[in-house]
Amino acid sequence: MSTKKENNIEVKIYGSRKDLGAAAAERFAREIDRLLVEKEEINVVFAAAPSQNEFLKCLFDQNLAWNRINAFHMDEYIGLPAEAPQGFGNFLKDRLFARFSFKSVHYLNGNAENLDEECLRYSDLLLQYPIDIVCMGIGENGHLAFNDPPVADFEDPMDVKVVELDFACRNQQVNDGCFRHLDDVPLSALTLTIPTLLRAKFISSVVPGNTKAQAVANTLEKEISTRYPSTILRNHTNVELFLDYESSQLLK
């Protein structure tokens, strides 16, 4: 493992996805324990993606007070069947939310009859439970949650919004094996906005794999711009970026 500070982000590079996942889970556990000394319960936003599999699996090795954690997820497709395994709420329910006794779990509903009202409902919950930790990835196009370059807004007035997904984002879902064909990927989604994510006290970003190498390099080296949404992480004061050899290979 190697570690360095790069443009305000603590970058940690591991030899394998398994080692990366174990380290991210251990760091998450330490932050949880630290926060629970200060407050009775904490609020965590989780990402749902194959890139998070090792991290989520390694959480089972940690002895955490799950009954003091309120859980959220950061985005959800619009219009998928309620039980579709590609749904992000279902993904996290299967791997995490139904496996531990959380204090509460709050799901985004991509099939809500009124999507604007659903955005407001979830926004109100996030105000009621201010975010302490975000566990995120970075998309191939640099997106954070579903804030793709065409819709990313570093000063977004909304906390949760409806977005159209760009081609690169939808194609990543095929590359990840979540959908067989591009036409199967929904065209739109609900997402927490970038200012909402950045309100977290601590951001853990788990980004393995060679398909993320360019996005990682852009995050750390390009100008801070919505052309590369993940570059905004450099303006946060407490971000740790967990990489493996493949995702770090384009770094200088």
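Just so you know, these numbers use all the heavy atoms, side chains as well, and skip hydrogens, waters and symmetry mates.
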Set of salt bridge (Lys or Arg N to Asp or Glu O under 4.0 Å) partners for E41, sequence neighbours left out
K103
Roughly how far, to the nearest 0.5 Å, is CG of N43 from CG of L126?
8.5 Å
Tightest non-hydrogen contact, residues I42 and L36, listed as CG2-CD2, 4.0 Å
Residues forming a side-chain contact (heavy atoms from CB on, under 4.5 Å) with R27, sequence neighbours excluded
K12, R30, E31, F202, E240, F242
Passes side chain to side chain contact (heavy atoms under 4.5 Å, CB included), L233 versus M136? Steps please.
CA-CA 11 Å; L233 293 175; M136 64 165 56; 4.1 Å; yes
In terms of side-chain geometry, is the basic nitrogen of R34 or E38 positioned less than 4.0 Å from the acidic oxygen of its partner?
yes
Distance, nearest 0.5 Å, that separates CG of L144 from OG1 of T191
9.0 Å
At what distance, to the nearest 0.5 angstrom, does CD of E26 lie from CD of Q62?
6.0 Å
Supply the atom-to-atom distance E118 CD to S123 OG, rounded to the nearest 0.5 angstrom.
9.5 Å
Closest non-hydrogen atoms of E76 and H73, given as atom of the first, atom of the second and distance, are OE2-CE1, 3.5 Å
Listed partners of P208 passing side-chain contact (heavy atoms from CB on, under 4.5 Å), at least two apart
R17, L20, S51, V206, D244
E140 side chain to Q172 main-chain N or O, any donor-acceptor pair under 3.5 Å?
no
Donor-acceptor pair between D183 and H181 side chains, under 3.5 angstrom:
no
If the plane angle is over 60° it's perpendicular, under 30° parallel, otherwise tilted; pick one for Y129 and F72.
tilted
Could you go step by step and tell me if F97 and F102 meet the ring-ring contact (aromatic ring centres under 6.0 Å, His included) rule?
CA-CA 7 Å; F97 292 162; F102 284 87; 5.7 Å; yes
Taking the side chain from Y14 and the backbone from S2, do they hold a donor-acceptor pair closer than 3.5 Å?
no
Got a donor-acceptor contact below 3.5 angstrom from the T231 side chain to the S225 backbone?
yes
Between N114 and E117 the two heavy atoms that sit nearest each other are OD1-N, 2.9 Å
Here's one to test your reading of the geometry: is the NZ or CZ of R95 within 45 degrees of the ring axis of F91 and under 6.0 Å from its centre?
yes
Run the side chain to side chain contact (heavy atoms under 4.5 Å, CB included) test on C135 and V45 for me, step by step, so that the C-alpha distance in whole Å, both residues' side-chain angles and the decisive distance to 0.1 Å come before the verdict.
CA-CA 6 Å; C135 300; V45 176; over 6 Å; no
When you check the gap from the basic side-chain N to the acidic O, do D132 and K39 get nearer than 4.0 Å?
yes
Honestly curious: do F46 and L241 fall in one hydrophobic cluster under the side-chain, below-4.5 Å linking rule?
no
Between Q214 and N218, do the side chains contain an N or O donor and an N or O acceptor separated by less than 3.5 Å?
yes
Would you mind writing out the side-chain donor-acceptor pairs for residues 78-90 within the sub-3.5 Å range, not counting sequence neighbours?
| from | atom 1 | to | atom 2 | distance (Å) |
| --- | --- | --- | --- | --- |
| Q86 | NE2 | C178 | O | 3.2 |
| N90 | ND2 | A82 | O | 3.0 |
| N90 | ND2 | A84 | O | 2.7 |

Using a strict cut-off of less than 4.0 Å between a Lys/Arg side-chain nitrogen and an Asp/Glu carboxylate oxygen, indicate whether D153 and K161 qualify as a salt bridge.
no
Give a yes or no answer on whether the side chain of T193 reaches the backbone of M158 with a donor-acceptor pair at less than 3.5 Å.
yes
Check whether any side-chain N or O of D148 sits under 3.5 Å from a backbone N or O of D166 as a donor-acceptor pair, and report yes or no.
yes
Strictly distance-based, threshold 3.5 Å: is any side-chain N or O of N7 a donor or acceptor partner for the main-chain N or O of L220?
yes
Residues two or more places apart in sequence or in another chain: which of them pass ring pair (Phe, Tyr, Trp, His ring centres under 6.0 Å) with Y228?
none
Testing the 3.5 Å rule here: is there a donor-acceptor pair between the side chains of N8 and N235?
no
With distance as the sole test, does T219 use its side chain to make a donor-acceptor pair with the main-chain N or O of A215 at under 3.5 Å?
yes
Any donor-acceptor pair under 3.5 Å linking the side-chain atoms of S104 with those of N70?
yes
Are F146 and V162 connected, step by step, through hydrophobic side chains (Ile, Leu, Val, Met, Phe, Trp, Tyr) whose heavy atoms are closer than 4.5 Å?
no
State plainly whether one hydrophobic cluster holds both M74 and L115, where clusters connect Ile, Leu, Val, Met, Phe, Trp and Tyr through side-chain heavy atoms under 4.5 angstrom apart.
yes
Any residue meeting salt bridge (Lys or Arg N to Asp or Glu O under 4.0 Å) with E164, in chain and number order, not counting sequence neighbours
none
Do V239 and I224 share a hydrophobic cluster (ILVMFWY, side-chain heavy atoms under 4.5 Å, transitive)?
yes
Is H236 reaching over with its side chain to a backbone N or O of A200, donor-acceptor style, under 3.5 angstrom?
yes
Quick one: does T226's side chain have a donor or acceptor within less than 3.5 Å of a partner on P229's backbone?
no
Evaluate L108 against L192 for side chain to side chain contact (heavy atoms under 4.5 Å, CB included), listing each step before the verdict.
CA-CA 10 Å; L108 271 166; L192 274 62; 4.3 Å; yes
Any chance the side chains of Y77 and Q173 put a donor and an acceptor closer than 3.5 Å?
yes
